[in-house]
*Asks:* 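Before I ask anything, let me first share the structure, which is written out below as structure tokens.
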Number of protein chains: 2
Amino acid sequence: MRTLTTRQSEILTFISKVISTEGMPPTRKEIAQKFGFKSANSAEEHLKALDKKGYIDLHGGTSRGISINRSFLGIPIVGSVAAGSPLLAVENVEERIEFNGNIFSDSVDYFLRVKGDSMNEVGIIEGDLIAINKRKDVKLGDIVVARINDDVTVKTLFHFDKKKVILRPENKNYKDIEINTSIESFDIEGKCLGVLRNYN
Amino acid sequence: MRTLTTRQSEILTFISKVISTEGMPPTRKEIAQKFGFKSANSAEEHLKALDKKGYIDLHGGTSRGISINRSFLGIPIVGSVAAGSPLLAVENVEERIEFNGNIFSDSVDYFLRVKGDSMNEVGIIEGDLIAINKRKDVKLGDIVVARINDDVTVKTLFHFDKKKVILRPENKNYKDIEINTSIESFDIEGKCLGVLRNYN
DNA sequence: TCTCATACTGTGTATTTATACAGTATAAAT
DNA sequence: ATTTATACTGTATAAATACACAGTATGAGA
């Protein structure tokens, strides 16, 4: 997908915001006003560029006829994570779900599909989607997504200091994971905000 | 809140649908076309009635300037259910969450807040919100919301025939619930589509 | 009986809106 | 050196749109 200029990106963000706050896309004039353009045609041209690049669809002859391309909407679902690859790498994103609203306490960066039963006792089971926020300021007791030597795992953060981290599975069949941070690479990838499960 | 006529309700539903599928509210003409009105003014009048009754807000002089009142948007969360009252009775709705999208396999009529630990072993724990669809065509193995003599409960549907129903808690500390439908009142209130959990 | 709300058709128009065309200017690509 | 993309202003206009006013018809309530 072709990259956007700074201005185009600003415009796309504005359109997206107007849709979610006003319930309808902006007109050319409204876009021009927002950015201080003296001619609505500036907006028109940016819209055409966004359309050409595939980020939006313009519905000719229709007032407020702007729709944002669905593949940019929605939150990615990260399935199997290839060892060593960034979580949000294209090859790890199995699909996206449309999802807007204030369901979770913070903004959701992505959903991670849960594998295994190591968190069974807190109601997180195989196949569940857990909502993740990428910020790093997690605290003890939080359920976190962590990366230990290229492996991604979901556990409760039980202990954390300069030398040692302890991750706790919530299943009595599993033992705590102790990481010696001086010899193993360790990273917090995000905090678990909640759980989404869909029965078929 | 004043009640809507059948027509007004149809129009409100249509507007809501257009917003979610097209990404923008319809024009008067589009409403008229949908319902076969020969004059766009019919749509205009229905919109005025909906505005007057508080269901929508009309933004004067703005194309597609229709917004649906937020208190009618979102899906109700049903908390404690007063014995004998309908699940969706006002007094049982603790709040609503904005929620649009195709997260669950079917349309969600409401969310029910889970009490107790009787479904722990399938990952449904106290405080979870379970997404419910009101239709009655459930099958064995489905997790259902059932009403037994004025009490509402969430269990797996294990057996169902003309005389007897068995509901199974998913926790070995609980026993199956057998209902003799000839002497006890029994109703399926809905099918559980999924689970939503939000950590704070 | 009269009024009022609902549910339409039909006409008209001011305003909003999309969108084309003609320019100016700059930076990157060929 | 010339094209091409970006980023604007300014003008113009056809089409889309909101919305008022004038009717017709029906059923409910006062």
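These numbers come from the heavy atoms of this one structure, side chains and all, not from hydrogens, waters or symmetry mates. Chain naming here is simple, since letters A, B, ... match the order of the sequence lines and numbering starts at 1 in each.
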*Asks:* A:Gln8 has an atom CD; how far is it from atom P of D:dC8, in whole Å?
*Replies:*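 That distance rounds to 10 Å.
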*Asks:* Run the salt bridge (charged side-chain N to carboxylate O under 4.0 Å, His left out) test against B:Asp128 and tell me which residues pass, sequence neighbours left out.
*Replies:*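 With neighbours one apart ignored, the set is B:Arg197.
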*Asks:* Is the backbone N or O of A:Thr5 less than 3.5 Å from a side-chain atom of A:Ser9, with the two atoms forming a donor-acceptor pair by type?
*Replies:*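 It does not hold such a pair.
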*Asks:* Specify the separation, in whole Å, of atom CD of B:Glu44 and atom P of C:dG10.
*Replies:*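 Result: 18 Å.
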*Asks:* Reading DNA chain C 5' to 3', how would its secondary structure be written in dot-bracket notation, given Watson-Crick and G-U pairs with both distances under 3.5 Å, brackets [ ] for crossing pairs and | for partners on other strands?
*Replies:* ||||||||||||||||||||||||||||||
*Asks:* Side chains of residues 160-167 of chain B: which donor-acceptor pairs under 3.5 Å do they make with residues two or more places apart or in other chains?
*Replies:*
unit_1	atom_1	unit_2	atom_2	d
B:Asp161	OD1	B:Lys163	N	2.8
B:Asp161	OD1	B:Lys164	N	2.7
B:Asp161	OD2	B:His159	NE2	2.9

*Asks:* Is B:Asn133 reaching over with its side chain to a backbone N or O of B:Arg135, donor-acceptor style, under 3.5 angstrom?
*Replies:*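 Looks like yes, one N/O pair under 3.5 Å.
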*Asks:* Can you measure A:Glu10 atom CD to D:dA7 atom P for me and round it to whole angstrom units?
*Replies:*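 Rounding to the nearest Å, CD of A:Glu10 and P of D:dA7 are 9 Å apart.
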*Asks:* In this structure, how many angstroms lie between the P atom of C:dA20 and the CG atom of A:Leu58, rounded?
*Replies:*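 Going from CG in A:Leu58 over to P in C:dA20 covers 10 Å.
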*Asks:* May I ask you to verify if any side-chain N or O of B:His46 is less than 4.0 angstrom from the OP1 or OP2 atom of C:dC8?
*Replies:*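 So the side chain of B:His46 is within the cut-off, an N or O lying under 4.0 Å from OP1 or OP2 of C:dC8.
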*Asks:* At under 4.0 Å between heavy atoms, what does B:Lys52 touch on the DNA or RNA strands: base, sugar-phosphate, or nothing?
*Replies:*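 No contact.
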*Asks:* Grab the CD1-C1' distance between B:Ile66 and D:dA18 for me, whole Å please.
*Replies:*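 Distance check: B:Ile66 CD1 to D:dA18 C1' gives 10 Å.
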*Asks:* Nearest whole angstrom, please: distance from the C1' of D:dC19 to the CG of B:Asp51.
*Replies:*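 Checked: the CG to C1' distance equals 13 Å.
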*Asks:* Just by protein heavy atoms under 4.0 Å, how would nucleotides 9-17 of chain D read 5' to 3' in B, S and -?
*Replies:* BB-----SS
*Asks:* Between atom CG of B:Leu50 and atom OH of B:Tyr55, what is the distance when rounded to the nearest 0.5 Å?
*Replies:*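 With rounding to 0.5 Å, CG (B:Leu50) is 9.0 Å from OH (B:Tyr55).
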*Asks:* Could you check how far CG of A:Leu50 sits from C1' of D:dA5, rounded to whole Å?
*Replies:*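 It works out to 14 Å between those atoms.
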*Asks:* Output the rounded distance in Å from CG (B:Leu12) to P (C:dA7).
*Replies:*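 These atoms are roughly 13 Å apart.
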*Asks:* Determine whether the side chains of A:Lys29 and A:Thr27 contain a donor N or O and an acceptor N or O closer than 3.5 Å.
*Replies:*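 There is no such pair between these side chains.
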*Asks:* Has B:Lys48 got a side-chain N or O lying under 4.0 Å from the OP1 or OP2 atom of C:dA7?
*Replies:*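 For B:Lys48, the contact criterion (side-chain N or O under 4.0 Å from OP1 or OP2 of C:dA7) is not met.
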*Asks:* Test your reading of the model: is there a side-chain donor-acceptor pair from A:Asn198 to the backbone of B:Phe104, 3.5 Å cut-off?
*Replies:*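 The answer is no, because no donor-acceptor pair under 3.5 Å joins these two groups.
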*Asks:* Only counting residues at least two apart or in another chain, list the ones meeting ring pair (Phe, Tyr, Trp, His ring centres under 6.0 Å) with A:Phe14.
*Replies:*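 Testing A:Phe14 for ring pair (Phe, Tyr, Trp, His ring centres under 6.0 Å), a comparison that skips the adjacent residues, returns A:Phe35.
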*Asks:* For B:Glu170, which residues count as a salt bridge (charged side-chain N to carboxylate O under 4.0 Å, His left out) partner, sequence neighbours excluded?
*Replies:*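 Result, salt bridge (charged side-chain N to carboxylate O under 4.0 Å, His left out) vs B:Glu170: none returned.
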